[in-house]
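Data first, discussion second: the structure below is written as structure tokens.
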Amino acid sequence: MLKLGVLVSGGGTNLQAILDAIDNGNITNAKVEVVISNNRGAYALERAKNHGVRGICISPKQYGSREEFHKALLSELQAAGVDLVVLAGYLVAIPSMIVEAYPNRIINIHPSLIPSFCGVGYYGLRVHEGVLGRGVKVTGATVHFVDAGTDTGPIILQKAVEVQQGDTPEILQKRVMEQAEWKILPRAIDLIANDKVTVTDGKVFVTE
Ligand code: GRF
């Protein structure tokens, strides 16, 4: 049974997609052990509570230094016996000490087709503003392993989504979530939980 630690900062719709997929059998062999938010008011914590999953806030504001915050986050993940860390709308940079503790065991959902519209400064609505500003016709979402960079780790799954005329960033964000994020993040977790994902030379191979 793969123990998941889901890190969140906001509404938690991706967390909800994971919880629902476990309930309906689209994810097997995995369990959400703990939900951790840097934001005490994150609705994602409410979603965890409603689902009977332990949800806690670990915020940099609670600690005297970034180092202490990082250590507290890592020790919580290890105390909970987490096997796979899932960044589901988590807006805090993951420090190298945690990346090193979980090599190819941290995944992130990003709301574009990496390597487009990603990296420092591209998060949330800003991604979709960039997409609309450039006038691309296809966007989508990416699940990737987290390495020391920002949105630079090995790509696990991607799903394309059409950009439509008249889209606003909000409309496009919703379509990318509904048609891509909420599908590929649970699927990636199910593949990893069932040992169907390997990484060779920075490339991901999936065995169906
Ligand atoms: C989503 O757009 C996700 O792609 C990005 O942050 C947003 C989080 O949404 N990483 P939610 O908290 O999962 O609803």
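None of these values were measured; they are calculated from a predicted model. Every number for a ligand or one of its atoms is a count from 1 in the order of the listing.
Checked for salt-bridge contact, Lys196 and Asp190 miss the test: no charged N lies under 4.0 Å from a carboxylate O. In this structure, Glu76 pairs ionically with Arg54, as a charged nitrogen and a carboxylate oxygen lie closer than 4.0 Å. Using a cut-off of 4.0 Å between Lys/Arg side-chain N and Asp/Glu carboxylate O, Lys183 and Glu181 are scored as not salt-bridged.
Under the 3.5 Å distance criterion, with hydrogens and angles disregarded, no donor-acceptor pair is assigned to the side chains of His128 and Asp167. Residues Asn38 and Ser9 have side chains that bring a donor and an acceptor to within less than 3.5 angstrom of each other.
Per-residue contacts place Pro111 under 4.0 angstrom from the following atoms of ligand 1 (heavy atoms of the residue considered): 4 (O).
The shortest N or O to N or O distance between His110 and ligand 1 is not below 3.5 Å. For ligand 1, the polar-atom distance check against Gly124 finds no nitrogen or oxygen pair separated by under 3.5 Å. Considering backbone and side-chain atoms alike, Met177 places every N or O at 3.5 Å or more from each N or O of ligand 1.
Looking only at heavy atoms of the protein, atom 12 (O) of ligand 1 is closest to Gly12 N, 2.8 Å. At the top of the distance list for atom 8 (C) of ligand 1, counting protein heavy atoms only, stands Gly89 CA, 3.6 Å. Closest to atom 14 (O) of ligand 1, if we only count protein heavy atoms, is Thr13 OG1, 2.6 Å. Nearest to atom 10 (N) of ligand 1 among the protein's heavy atoms is Ile109 O, 3.3 Å. The shortest contact between atom 1 (C) of ligand 1 and any protein heavy atom is with Glu181 OE1, 3.2 Å.
No side-chain donor-acceptor contact under 3.5 Å links Asn14 to the backbone of Ala88.
Relative ring orientation between Phe69 and Tyr63 is described as tilted, the plane-to-plane angle lying within the 30° to 60° band.
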